[in-house]
Number of protein chains: 2
Amino acid sequence: MGNLALEPLDRPEGMTTHEYAHRRLRQAIMVGSIRPGESLTIRGIAEAMESSPTPVREALRRLSSEGALRVLDNRRIMVPRMTADRFSELVSLRAVLEQHAARRAVPHITERRIDRLEEIDRAQDEAIARKDNATALLLNQEFHRTLYTANPEQVIMPMVESVWLQLGPFLGIAMEHVAQLYFVDRHHEAIAALRKRDENAVAAAIKADISEGIGGFERAAIENLLRLAGQ
Amino acid sequence: MGNLALEPLDRPEGMTTHEYAHRRLRQAIMVGSIRPGESLTIRGIAEAMESSPTPVREALRRLSSEGALRVLDNRRIMVPRMTADRFSELVSLRAVLEQHAARRAVPHITERRIDRLEEIDRAQDEAIARKDNATALLLNQEFHRTLYTANPEQVIMPMVESVWLQLGPFLGIAMEHVAQLYFVDRHHEAIAALRKRDENAVAAAIKADISEGIGGFERAAIENLLRLAGQ
DNA sequence: ATCCTGAAAATGTGATCACAAAAATAATTA
DNA sequence: TAATTATTTTTGTGATCACATTTTCAGGAT
């Protein structure tokens, strides 16, 4: 198991070991630094982060419940392989889920939060300008998360994150084989709609952002990319 | 922790202990036989099913990732309390999610599977007729699951099940305080639409089934029910 | 060379133990 | 009697160990 993939992370005081392991693995998967098909061993991870099998196993179980990992019949654990079909399924689900999340957020949004969204968007534009894909990706996620969590009753966010998590490994592949991820940015449109509290317009902007962004990959391009990556 | 709530379950050969614990707890929560707010202890559960803390902890972690359980700051684990707001959020999410799942299933549906759906629906009608709420509930879930899993690429089903799981405890309360759960049955309508491969009609039937079924509870009724149950 | 076979190493699983934190109970004080 | 403190019990957590299964690999047979 590549130790490079598992970069150490800040560990706030009081955080349990299994929680730390979960966050670290999650992050690695989310940004696509673990190869799909690569199988993870409990002991390997435990050693890599200087702990023991017990908490690592708990972290892996959680991640498999979140769809980030798959448990094989051999009981071996791996990052699921991406297919064109699965990709299409994930993207369409993402669109539906996030449109809904956006709609339900609108009644709770404050001007204060919209300002914060603008700020995040500016930072993302800067990251894109200096071709810092990883940061741009993270800021894009933060934009969406900041919007949806305006709704205080959170049942959707974990599912949205689950979809992101499942899409992560593909992004890793894409970043490797495509020189520059091109970001579509319908965020300005979303912000304008938010200022007017126009649910339909917000939902439309989010839908466009997704379907022209990650959803913009043509099926043929996906298959090509996956073939190149040896999936 | 009430041992009554944890009825023994079939344990197929080769099933691991943590998997068995997960299924058993999941089932108990799904049908609402564990009180919201009731806190679960690892050792208590381990003793109740004659195993040890390790696998039980793994099961609990999975269930908390599935939204079925909540981990408090004390690290105590409990079934989350229901509120009117959360309920509304869950029901609207359920409608969106399942409409989408139904749409994506239509292209893959076979006559054979539609026959099976009819059969399940008949069985459910019988269960309703003899006022067997628990069985009717389970058969209703099986109807929906059988429809959605026509799509071979399954990324939505775990999320649908997560919503069911989160609604489960409320159903337990409802069954206790309402003499008879009244089931709305738009299944015939869905089946007819499926025969015609009419995606929009299928989605409409599912939406109606949900919003007139569990979604039919008025907000005032919910609040009343929750107050009665001491939530 | 290719396929089989058996030994060795690696791996997942679950029980047990020690430790620290939290909760419950008993004892003490105002 | 009520509030506070001290003690005991309960509980979550994580490391370690033993066992069974799987994987890996070396050596031999066809």
Side-chain angles (χ1 to χ4, degrees), chain A residues 1-3 5-6 8-9 11-26 29 34-35 37-66 68-81, chain B residues 1-3 5-6 8-9 11-26 29 34-35 37-66 68-81:
Chain A
M1 88 133 294
N3 291 17
L6 271 181
L9 235 61
R11 180 166 180 176
E13 176 144 14
M15 176 182 257
T16 60
T17 307
H18 89 261
E19 205 172 342
Y20 175 68
H22 176 259
R23 179 179 303 213
R24 210 162 133 179
L25 285 165
R26 180 192 163 87
I29 295 168
I34 301 187
R35 222 26 113 275
E38 188 176 332
S39 76
L40 304 175
T41 69
I42 295 174
R43 283 176 164 92
I45 297 169
E47 196 177 347
M49 47 175 97
E50 298 174 319
S51 65
S52 70
T54 315
V56 171
R57 223 163 56 219
E58 290 170 35
L60 292 177
R61 298 261 179 263
R62 283 188 55 185
L63 287 165
S64 72
S65 274
E66 290 163 22
L69 296 175
R70 191 168 300 282
V71 181
L72 276 59
D73 295 333
N74 335 340
R75 295 184 179 168
R76 201 115 310 161
I77 294 172
M78 65 171 221
V79 178
R81 286 207 156 72
Chain B
M1 85 134 293
N3 291 17
L6 271 181
L9 233 60
R11 179 167 181 177
E13 176 143 12
M15 176 182 258
T16 60
T17 307
H18 88 262
E19 205 172 341
Y20 175 68
H22 175 258
R23 181 181 300 216
R24 211 162 131 178
L25 285 165
R26 179 191 163 85
I29 296 168
I34 300 187
R35 222 25 113 274
E38 188 176 332
S39 76
L40 304 175
T41 69
I42 296 174
R43 283 176 163 93
I45 298 169
E47 195 178 348
M49 45 175 97
E50 296 174 321
S51 64
S52 71
T54 314
V56 170
R57 221 162 57 218
E58 290 171 33
L60 292 178
R61 297 260 181 264
R62 285 188 55 186
L63 287 166
S64 74
S65 273
E66 291 163 20
L69 296 176
R70 189 168 300 281
V71 182
L72 275 59
D73 296 331
N74 335 342
R75 296 182 178 167
R76 268 280 137 86
I77 294 171
M78 65 168 223
V79 178
R81 287 207 156 73

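Small disclaimer: the values here were computed from a predicted structure and weren't measured.
Evaluation of atom-type donor-acceptor distances gives no pair under 3.5 Å for the side chain of A:Arg57 against the base of D:dG14.
Between the CZ atom of B:Arg43 and the P atom of D:dT9 there is a distance of 14 Å, rounded to whole Å. Note: CD1 (A:Ile42) to P (D:dA15) measures 14 Å, nearest angstrom. Distance CD (A:Glu50) to P (D:dT16): 13 Å, rounded to an integer number of Å. Distance CE (B:Met78) to C1' (C:dA23): 17 Å, rounded to an integer number of Å. If you take CD1 of A:Ile77 and C1' of C:dG12, they are 9 Å apart, rounded to a whole angstrom. Rounded to a whole Å, the CZ atom of B:Arg70 is 18 Å from the P atom of D:dG12. One atom, CD of A:Glu58, and another, P of D:dG12, lie 12 Å apart when rounded to the nearest Å. The distance between atom CZ of B:Arg61 and atom C1' of D:dG14, rounded to the nearest whole Å, is 11 Å.
Distance check: A:Ser52 OG to A:Arg57 CZ gives 9.5 Å after rounding to the nearest 0.5 Å. The CD atom of A:Glu66 sits 5.5 Å away from atom CZ of A:Arg26, with the distance rounded to the nearest 0.5 Å.
Looking only at side-chain heavy atoms (C-beta outward), A:Ile77 and A:Leu72 stay at 4.5 Å or farther from each other. Counting heavy atoms from C-beta on, the side chains of A:Leu60 and A:Val71 never come closer than 4.5 Å.
Residue order along DNA chain D, read from the 5' end via each residue's closest nucleotide, puts A:Glu19 first among A:Arg75 and A:Glu19. Toward the 5′ end of DNA chain D lies the nearest nucleotide of A:Thr16, the other residue of the pair A:Arg76 and A:Thr16 mapping further downstream.
Between A:His18 and D:dG14 there is a side-chain N or O to OP1 or OP2 distance below 4.0 Å. Residue A:Thr17 has a polar side-chain atom (N or O) positioned under 4.0 Å from OP1 or OP2 of D:dG14. Within the 4.0 Å cut-off from OP1 or OP2 of C:dG12, not a single side-chain nitrogen or oxygen of A:Asn74 is found. Contact check, A:Thr54 against D:dA15: no side-chain N or O comes under 4.0 Å of OP1 or OP2.
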- [ ] Please report the C-alpha distance between B:Arg11 and B:Met49 in whole Å, then the side-chain angles of each, then the deciding distance to 0.1 Å, and finally whether the side-chain contact (heavy atoms from CB on, under 4.5 Å) criterion is met.
- [x] CA-CA 12 Å; B:Arg11 179 167 181 177; B:Met49 45 175 97; over 6 Å; no
